[in-house]
Amino acid sequence: FVLVTPGGGGDGDTLIDWVLSAYESDPSLSIPAVIVFGPFMNPESRRAFERRAHKFTTLETISFDSRLERLMIEAKGVIAMGGYNTFCEILSFDKPAAIAPRVTPRLEQYIRAEAAEKFGLIHMLPPIDNGEDPDPKIMVDAIRALTKQPPPSEAAIPGLLDGLDRVVDLAAAALLEPR
């Protein structure tokens, strides 16, 4: 399955709507998806999204999961907005990802996604809050592409995901230094 997460969900309506529109617009899209709304998604929006999703046997919805990393580990790929925590989890669990960053009120997600795409770590989708309804075909193509997209570790950036090993090496060296 593909994991769909708008992070906390407070501003994730457009992403969830875009994913659901992809499945609604292309009956041949048969890749299963698990949509996790996040704890801050508007309850009325969540209920409307659940009604739409339950029309498909390939879609499962979850309001919140305190162990999202378990789902991320099991997923074939991730569709997300690109907040810092989600982005770090995508890299940590080495998951192919398509990120649709928001650009308001800050460009932080866009800057991160644009740089990550240049390094070959993720696929960046068009920003989701540019005032236009996103094209469902773009999301259909992104969902399909996740099954063939290489994980971030194949981007061949030496040391990129070696943070824990580097901390251990530095700590060992510090412990061996004479006082």
Side-chain angles (χ1 to χ4, degrees), residues 1-26 28-43 45-102 108-110 112-113 116-117 119-129 134 136-155 161:
F1 67 90
V2 169
L3 176 64
V4 179
T5 174
D11 60 355
D13 286 18
T14 304
L15 178 68
I16 301 301
D17 179 63
W18 194 6
V19 169
L20 290 171
S21 294
Y23 282 87
E24 291 164 345
S25 72
D26 188 340
S28 71
L29 183 58
S30 60
I31 298 166
V34 174
I35 301 170
V36 181
F37 297 120
F40 304 116
M41 179 162 282
N42 176 293
S45 296
R46 188 184 70 239
R47 283 190 293 276
F49 291 146
E50 286 172 338
R51 283 191 296 275
R52 288 171 63 191
H54 287 125
K55 296 175 184 173
F56 298 88
T57 58
T58 53
L59 299 180
E60 179 182 343
T61 62
I62 300 170
S63 291
F64 172 72
D65 190 323
S66 63
R67 301 219 11 147
L68 189 65
E69 64 274 5
R70 174 186 55 82
L71 290 172
M72 196 170 289
I73 289 168
E74 295 173 10
K76 294 288 185 202
V78 179
I79 304 282
M81 289 176 60
Y84 180 77
N85 291 336
T86 302
F87 180 75
C88 288
E89 289 168 348
I90 287 166
L91 294 181
S92 295
F93 296 119
D94 201 24
K95 292 297 170 177
I99 294 181
R102 65 171 149 75
E108 165 241 343
Q109 290 186 5
Y110 180 82
R112 181 180 305 116
E117 183 174 58
F119 284 116
L121 299 172
I122 57 101
H123 170 64
M124 186 174 87
L125 295 163
I128 59 173
D129 51 8
K137 174 130 178 46
I138 293 172
M139 184 59 75
V140 168
D141 293 344
I143 292 168
R144 285 196 172 113
L146 277 177
T147 62
K148 300 174 202 92
Q149 185 176 319
S153 62
E154 290 187 23
L161 301 175

Item to check | D141 CG to L146 CG distance, which is reported to the nearest 0.5 Å | outcome: 11.5 Å

Item to check | Heavy-atom closest contact (I122 atom, A113 atom, distance) | outcome: CD1-O, 3.6 Å

Checklist entry - Can you name the salt bridge (Lys or Arg N to Asp or Glu O under 4.0 Å) partners of E154, sequence neighbours left out? => result none

Item to check | side-chain hydrogen bond (donor to acceptor under 3.5 Å, both in side chains) involving D26 - partner list, sequence neighbours excluded | outcome: S28, R144

Checklist entry - For M139, which of I79, L20, L29 qualifies under side chain to side chain contact (heavy atoms under 4.5 Å, CB included)? => result I79

Next on the checklist: For a quick test of reading the model, state the closest non-hydrogen atom pair linking G12 to P6 and the distance between them.
Outcome noted: CA-CB, 3.6 Å

Item to check | Nearest heavy atoms of P152 and I90, plus distance in Å | outcome: CG-O, 4.2 Å

Item to check | Residues forming a side-chain hydrogen bond (donor to acceptor under 3.5 Å, both in side chains) with E50, sequence neighbours excluded | outcome: none

Checklist entry - CZ/F37 to CZ/R47 distance, rounded to the nearest 0.5 angstrom? => result 11.0 Å

Checklist entry - Should M81 and I128 be marked as a side-chain contact (heavy atoms from CB on, under 4.5 Å) after you check the CA-CA gap, both sets of side-chain angles, and the distance that decides it? => result CA-CA 8 Å; M81 289 176 60; I128 59 173; 3.8 Å; yes

Checklist entry - Considering all heavy atoms of both residues, which atom of M124 and which atom of P101 are nearest to each other, and what is their separation? => result CG-CD, 4.0 Å

Checklist outcome for this item: Of all heavy-atom pairs linking P39 and G7, the shortest is CD-O, 4.4 Å

Item to check | Selection residues 3-14 - residue pairs positive for side chain to side chain donor-acceptor pair (under 3.5 Å), sequence neighbours left out | outcome: D11-R102, D13-S45

Checklist entry - What's the shortest heavy-atom distance between H123 and A142, and which atoms? => result CD2-CB, 4.5 Å

Item to check | Beyond-backbone contact of I35 with F49, side-chain heavy atoms, under 4.5 angstrom | outcome: no

Checklist entry - Is there side-chain contact between P32 and V2, with heavy atoms separated by less than 4.5 Å? => result no

Item to check | Euclidean distance, W18 CH2 relative to L125 CG, rounded to 0.5 Å | outcome: 4.5 Å

Only pairs under 3.5 Å count here: list side-chain donor-acceptor contacts from residues 55-72, not counting sequence neighbours, and write none if there are none.
residue	atom	partner	partner atom	Å
S63	OG	R46	NE	3.3
D65	OD1	R67	N	2.7
D65	OD2	R70	NH2	2.6

Checklist outcome for this item: Rounding to 0.5 Å, atoms CD1 (I31) and OH (Y23) come to a distance of 6.0 Å

Next on the checklist: Quick check for you: to the nearest 0.5 Å, what is the distance between L121 atom CG and D94 atom CG?
Outcome noted: 9.5 Å

Next on the checklist: Contact between S21 and R52 at the side-chain level, heavy atoms closer than 4.5 Å - yes or no?
Outcome noted: yes

Checklist entry - side chain to side chain donor-acceptor pair (under 3.5 Å): which pairs involve residues 73-92, sequence neighbours left out? => result none

Next on the checklist: Within the 4.5 Å heavy-atom criterion, are F93 and V78 side-chain neighbours or not?
Outcome noted: no

